[in-house]
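Every heavy atom of this structure was used, including side-chain atoms; hydrogens, water molecules and symmetry mates were not. From a predicted model like this one, the values you see are computed outputs, not experimental measurements.
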Amino acid sequence: RNLLVFPPYPTDYFSSVPAFLANLSDASQRDIVFFGGHRHNVDNTSTWKTPPNRNWVVGGGGGWSCDGPSQGFLVGTVGADYWVDTYPELVDYDLCCQSPRTSTTADPSRTSTTTDPSSTRPS
């Protein structure tokens with residue numbers, strides 16, 4: 001009844017494969033919910049639309065970078081009627097996407113900076 005798709009990329013990465021995107025929009029046999037990654041954001045607005053089916057970017061949560069203001073994760077539940085309900089749980093952008101602190105090296109002739117590992121969260 002449902003097809004849940006978990007590829008490493010969101011739908012807009014597949015614009016060169018229009019037949020694939022057309023198939024993601026076909027709900028004649030099943031509902032399709034697409035959970036693409038790669039970008040660091042949680043949204044269903046930056047993707048290639050696949051109505052009546054749904055798709056999301058689910059790569060938010062800080063770490064390496066923040067590609068948009070919606071950081072957090074996506075919750076999905078499958079009901080007794082097999083309907084897949086999805087909604088984002090977002091966190092405060094400023095808490096999740098702090099710029100790494102930098103400090104200069106002890107040698108003043110060097111101009112490079114090093115990232116303070118205590119200022120970044122593991123991905």
A.B. asks: Is any side-chain heavy atom of Leu74 closer than 4.5 Å to a side-chain heavy atom of Phe35?
C.D. replies: yes
A.B. asks: Would a 4.5 Å heavy-atom cut-off, applied to side chains only, mark Val5 and Ile32 as touching?
C.D. replies: yes
A.B. asks: Between Tyr93 and Gly68, what is the shortest heavy-atom contact and its length?
C.D. replies: CE1-O, 3.3 Å
A.B. asks: Answer yes if the side chains of Asn55 and Thr47 hold a donor-acceptor pair under 3.5 Å, and no otherwise.
C.D. replies: yes
A.B. asks: Going by heavy atoms in the side chains, are Asp43 and Ser46 under 4.5 Å from each other?
C.D. replies: yes
A.B. asks: Side-chain contact, heavy-atom cut-off 4.5 Å: Arg30 with Asn2?
C.D. replies: no
A.B. asks: Do Asn41 side-chain atoms and Ser70 backbone N/O form a donor-acceptor pair below 3.5 Å?
C.D. replies: yes
A.B. asks: Side-chain heavy atoms under 4.5 angstrom apart, residues restricted to Ile, Leu, Val, Met, Phe, Trp, Tyr: same cluster for Trp56 and Leu3?
C.D. replies: no
A.B. asks: State yes or no: do Val78 and Phe6 share one hydrophobic cluster built from I, L, V, M, F, W and Y residues joined by side-chain heavy-atom distances below 4.5 Å, directly or via other members?
C.D. replies: yes
A.B. asks: Between Pro88 and Val42, what is the shortest heavy-atom contact and its length?
C.D. replies: CB-CG1, 3.9 Å
A.B. asks: Between the side chains of Asn53 and Thr50, does any donor sit under 3.5 Å from an acceptor?
C.D. replies: no
A.B. asks: Looking at Ser15 and Trp48, what are the two nearest heavy atoms and their distance?
C.D. replies: CB-CZ3, 3.9 Å
A.B. asks: Could you tell me which non-hydrogen atom of Leu21 sits nearest to which non-hydrogen atom of Thr11, and how far apart they are?
C.D. replies: CD2-O, 3.7 Å
A.B. asks: Run the numbers on Val75 and Thr86 for side-chain contact (heavy atoms from CB on, under 4.5 Å), then give the verdict.
C.D. replies: CA-CA 6 Å; Val75 176; Thr86 57; over 6 Å; no
A.B. asks: Under a 4.5 Å cut-off applied to non-hydrogen side-chain atoms, are Gln71 and Asp92 in contact?
C.D. replies: no
A.B. asks: Cluster question for you: counting only ILVMFWY and a side-chain heavy-atom cut-off of under 4.5 Å, with indirect links fine, are Val57 and Leu90 together?
C.D. replies: no
A.B. asks: Applying a strict under-4.5 Å side-chain criterion to I, L, V, M, F, W and Y, I'd like to know whether Val17 and Tyr13 cluster together.
C.D. replies: yes
A.B. asks: If you look at every heavy atom in Pro52 and Ser25, which pair is closest and at what distance?
C.D. replies: CD-O, 3.2 Å
A.B. asks: Quick check: closest heavy atoms across Gly37 and Pro10, and the distance to 0.1 Å?
C.D. replies: O-CD, 2.9 Å
A.B. asks: Answer with yes or no whether the hydrophobic clustering places Tyr82 together with Val33; edges join I, L, V, M, F, W, Y residues whose side-chain heavy atoms lie under 4.5 Å apart.
C.D. replies: no
A.B. asks: State plainly whether the residues Arg54 and Asp31 are in salt-bridge range, i.e. N to O under 4.0 Å.
C.D. replies: no
A.B. asks: Walk me through whether Asn44 and Lys49 qualify under side-chain contact (heavy atoms from CB on, under 4.5 Å).
C.D. replies: CA-CA 8 Å; Asn44 61 357; Lys49 306 301 179 244; over 6 Å; no
A.B. asks: Over 60° means perpendicular and under 30° means parallel, so classify the ring planes of Tyr9 and His38, tilted if in between.
C.D. replies: tilted
